[in-house]
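Taking it in order: structure first as structure tokens, then the write-up.
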Amino acid sequence: MAAGTADFVVIANRLPVDRVTAPDGETLWRKSPGGLVTALEPVMRSNGGAWIGWHGASDEKLKPFDHDGLQLVPVHLTEQEVAEYYEGFSNATLWPLYHDVVVAPEFHREWWDSYVKVNRRFAEKAAKVARKNAVVWVQDYQLQLVPRMLRELRPDLRIGFFLHIPFPPTELFQQLPWRKEILEGLLGADLVGFQMPGAAQNFVRLVRQRVGHKTHRDLVYLPDGRTVMARAYPISIDAAGFEELARTPHVLARAAEIRESLGNPTTVILGIDRLDYTKGLRQRLRAFGELIAEGSLHVDDAVFVQVATPSRERVQQYKILRDDINRLVGRINGDVGRIGHQPIQYLHASYPREEMAALYRAADVMVVTPLRDGMNLVAKEYVACRYDNRGSLVLSEFAGAASELKSAYQVNPHDINGLKASLLEAVQSGPRTSAKRMKAMRKQVMENDIERWAGNFLRELNEGPGAHAMTLRPSAP
Ligand code: F6P
């Protein structure tokens, strides 16, 4: 297949831009707030980089276009593929399976067929766009077959893969009727990256058991002579960018305004999550409701602000969750609220980065209680915004971030009494204790930002076993 023009290609389910309509009715693309594009932008610019991804609408074919100096290559999905590849196999099969089967994964053969077909479309696009010997970085669970498909089309490429979500324990992964195909798909990469060392070990063990390849520590030896490396690269955020934003007068003023409109309570507790059943929203709301009901926290003093960003709204389990949370918030506010004092302020909406930073600045306690989470970047964002060394973080031990943020109040979200005790301890902690904890967490987050994460991955991809040459040009100063 003829080679294209990009020396560095990123493949992700979504493009790093959102379509917005300007007040004059014109349609514009705006860079999405995610840290990944921020980290990769410099490398992309120095290497004529291209980003391949879905633009978010169905039944619409768009031509490649440039945005802010980045080459964007849209992949189209039909309405049926959105239902089967995206909502179905990616988000109703793989998502729950990889998150400890928190809800039951559904296995449908038509969904799998669609996943194969769409993965092939992404691989074919990349094969056209990548220049000879280019570096290609495939992102996340929606595209696990792409590495192998791409290698078959373009054996000259250096291919990396990173899984942003957890990789399940071997016993759970075995449920997948297409387990061997997924493992073989990933083995098309030279380097397979995971959030946690345990995930990389699960993958290598499964490859040995299910595919029968020889393995040694983090290496897999393939019969064709290739060696694949599987390692952990805990992802992070644009920490300096968040801190800078949190220091702006506009954000500080907004933080004060938020507290004011909440009635200037003694304690503001905050949760910010995609509305997802893996996030442990029920558990944290119940814990807070019980603390108010039994008088450990007082309704005049404490407010819980929960932002739940709408997500995957046509998937059945997400609809069920939305109704459940609406009911739970209504019940708690009805039971323990008073006129002018609703203890839970529930916002089903998505907000720009500035508003999130203001909320982080306004919160005394941040509560992050997923039942399982690959990393959880909200926890790191909160820490990055607390340059004043104030504020406490309550963090689930089942979030990847727990292995780095050891000074958080770590909780098992299934244990409601334990969660209540930790929440109360965080609320009541004195300024010296919380400053000590926050300083330790800030050191970790500010030193290990997303730029370092991307740099580590790309360096090891370039230098790992079987590398043909250092092909990526370093980003321009
Ligand atoms: O990290 C998990 C992930 O699925 C990403 O791949 C994605 O960018 C994000 O969550 C949001 O999900 P979605 O693209 O399904 O809205």
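When a ligand or atom number is given, it counts from 1 through the structure's own listing order. The figures here come from the full heavy-atom set of this structure, side chains too, leaving out hydrogens, waters and symmetry mates.
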Per-atom contacts of ligand 1 with Tyr141, taking only distances under 4.0 Å to non-hydrogen atoms: 4 (O)
Modelled atom types, side-chain donor and acceptor of His164 and Gln139, under 3.5 Å: yes
Nearest protein heavy atom with distance in Å, relative to atom 12 (O) of ligand 1: Arg312 NH2, 3.0 Å
side-chain hydrogen bond (donor to acceptor under 3.5 Å, both in side chains) between Glu81 and Tyr86, intermediate numbers included: CA-CA 7 Å; Glu81 285 163 351; Tyr86 170 69; over 6 Å; no
For Arg14, the ligand 1 atoms whose distance to one of its heavy atoms is below 4.0 Å: 13 (P), 14 (O), 16 (O)
Nearest neighbour of atom 5 (C) of ligand 1 from the list Asn13, Leu36, Asp140, Asn91, on a heavy-atom basis: Asp140
Atom indices of ligand 1, in the order listed, that fall short of 4.0 Å to a heavy atom of Tyr86: 13 (P), 14 (O), 15 (O), 16 (O)
Ligand 1 contact on Gln139 by region, counting heavy-atom pairs under 4.0 Å: neither
Arg442 side-chain N/O to Val383 backbone N/O, donor-acceptor pair under 3.5 Å: yes
Whether Arg208 side chain and Thr215 backbone form a donor-acceptor pair below 3.5 Å: no
Atom 8 (O) of ligand 1 protein-contacted, heavy-atom criterion under 4.0 angstrom: no
Heavy atom of protein inside 4.0 Å of atom 2 (C) of ligand 1, strictly below: yes
Asp449 side chain near Asp238 side chain, heavy-atom distance below 4.5 Å: no
Full working for ring-ring contact (aromatic ring centres under 6.0 Å, His included) between Tyr141 and Tyr98: CA-CA 9 Å; Tyr141 63 103; Tyr98 282 30; 7.2 Å; no
Residue pair Trp111 / Phe89: nearest heavy atoms and the distance that separates them: CE3-N, 3.6 Å
Contact check, Gln142 vs ligand 1, heavy-atom distance below 4.0 Å: yes
